[in-house]
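Right, one structure below, let's go through it.
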2 protein chains.
Amino acid sequence: MADDTALRSRDRRPRPGGEDAAREAAGPDYVLEHQVGHLLRRAHQRHAALFQGMLADAVGSDAALTPTQWAALVKLAGLGEATQNALGRLTAMDPATTQGVVRRLIARGLVSRAADPADRRTLKLSVTQAGREAVAAALPAACAISEATLAPLSDEERDLFLDLLQRMAFA
Amino acid sequence: MADDTALRSRDRRPRPGGEDAAREAAGPDYVLEHQVGHLLRRAHQRHAALFQGMLADAVGSDAALTPTQWAALVKLAGLGEATQNALGRLTAMDPATTQGVVRRLIARGLVSRAADPADRRTLKLSVTQAGREAVAAALPAACAISEATLAPLSDEERDLFLDLLQRMAFA
DNA sequence: ACCCGATCGTTCGTATACAAACGATCAGGA
DNA sequence: TCCTGATCGTTTGTATACGAACGATCGGGT
């Protein structure tokens with residue numbers, strides 16, 4: 001696997017045209033750290049780290065939920081009842097992902113499923129009493145996490161950022 | 001997608017006090033769609049979809065790279081040479097993730113590894129000739145993808161958004 | 001009544017992403 | 001010298017995330 005076609009990476013041979021070797025290698029003006037995609041990924045990573053740490057501190061690491069699980073649980077709590085795929089659409093998860101998330105929530109006793117006699121394809125999901133208590137217990141932390149994620153910005157910047165981000169997300 | 005917040009909880013008679021059932025269930029003022037974390041996740045998803053689609057159109061679905069693979073490849077091309085973990089740190093991947101990404105890049109012949117006699121723990125990575133050609137081939141698409149991701153925003157908004165996002169990502 | 005396209009939930013395969021633990025190696029100090 | 005802490009890359013396990021394919025079911029049109 002270690003073929004030797006590699007070790008000519010640094011033969012910087014300034015061509016008469018004047019193009020620079022590093023620019024030739026990485027491309028002109030393409031700085032990874034300035035690309036939206038990379039910045040979105042890093043910001044999302046930072047939020048996920050804050051979420052995991054702060055929620056575990058608030059409710060205990062054994063009762064902690066992932067961001068995705070929290071999204072599904074809160075959404076379902078607000079709906080009262082929903083089909084699995086419908087819940088997935090409202091939380092931006094595809095059916096395969098939703099299946100895993102819901103399965104873990106059920107395994108924890110936070111969500112229950114029931115067959116729908118009117119449509120035998122679907123599953124009616126609802127939040128159990130333990131699920132409602134979990135939402136109530138985690139809610140203050142969830143708010144604090146959103147706060148902490150936005151901490152680098154001033155109040156006016158937060159409003160502006162959220163507005164622009166929303167347009168980026170739902171375009 | 002018409003989101004229906006109208007679906008209220010099922011058997012709820014409005015109490016004389018006036019408190020609403022959905023608020024009681026999901027918590028007051030916590031609207032998932034307004035949380036930074038959720039918006040970051042959706043925006044990141046949208047970018048990933050654009051990336052996959054546009055890059056496949058540009059270089060063919062068989063030669064396409066994932067956003068993470070592209071980040072590692074471009075970064076390594078700019079460095080000329082790097083250790084695996086060092087490359088991971090520069091692209092915000094932990095060692096376990098980096099290992100998988102680099103392994104796939106090597107399997108495609110875009111990156112090569114060499115032992116470092118000075119430090120037998122490390123692996124020196126570099127971009128192969130095929131890797132440099134892949135970078136050159138994908139670079140226009142990469143720029144177009146960043147453009148397309150920012151398309152919902154005006155020019156001034158883009159600058160502002162990137163500035164705020166950078167502070168969110170690197171705080 | 002039948003058919004046919006759409007939707008439901010599931011499964012498989014692949015690719016991030018991270019925690020945790022591991023052996024190997026390095027660097028520095030007693 | 002030896003020891004000790006740090007770093008390197010790897011592996012395992014878990015959790016998103018998505019494409020693709022699947023059988024079951026629904027609904028509409030004929």
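Residue numbers begin at 1 in each chain, while the letters A, B, ... track the order of the sequences. Please read all numbers here as calculations on a predicted model, not as lab measurements.
- The aromatic rings of B:W70 and A:Y30 sit perpendicular, their planes meeting at an angle over 60°, well past the 30° parallel limit.
- Counting to the nearest Å, the C1' atom of D:dA17 and the NE2 atom of B:H38 are 14 Å from each other.
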- Determine, stepwise, if the pair B:L165 / A:F161 fulfils side chain to side chain contact (heavy atoms under 4.5 Å, CB included). CA-CA 8 Å; B:L165 182 58; A:F161 179 72; 4.0 Å; yes
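- If you take CG of A:D116 and C1' of D:dC26, they are 12 Å apart, rounded to a whole angstrom.
- Atom CG in A:L50 sits roughly 15 Å away from atom C1' in C:dC18 (whole-Å rounding).
- Of the possible polar contacts, none joining the B:R113 side chain to the B:L123 backbone as a donor-acceptor pair under 3.5 Å is found.
- The distance from atom CG of A:D94 to atom P of D:dA21 is 15 Å, rounded to the nearest whole Å.
- Not a single ring-ring contact (aromatic ring centres under 6.0 Å, His included) links B:H38 to another residue, sequence neighbours left out.
- The backbone N or O of B:V127 sits less than 3.5 Å from a side-chain atom of B:R132, completing a donor-acceptor pair.
- Residue B:L87 contributes atom CG, which lies 18 Å from atom P of D:dT7 at whole-angstrom precision.
- Atom CZ of B:R42 is separated from atom P of D:dC18 by 10 Å (rounded to the nearest Å).
- For A:Q45 and C:dC18, the shortest distance from a side-chain N or O to OP1 or OP2 is below 4.0 Å.
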- Begin from the C-alpha positions of B:S146 and A:Q35 and carry the test side chain to side chain donor-acceptor pair (under 3.5 Å) through to its verdict. CA-CA 6 Å; B:S146 291; A:Q35 306 305 309; 2.7 Å; yes
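- Across the protein-nucleic acid pair, A:W70 atom CH2 and D:dT16 atom C1' stand 18 Å apart, rounded to whole Å.
- The distance from atom CD of A:Q52 to atom C1' of C:dA17 is 11 Å, rounded to the nearest whole Å.
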- For nucleotides 6-16 of chain C, 5' to 3', base contacts (B), sugar-phosphate-only contacts (S) and non-contacts (-) with protein non-hydrogen atoms under 4.0 Å give -BSBBB---SB
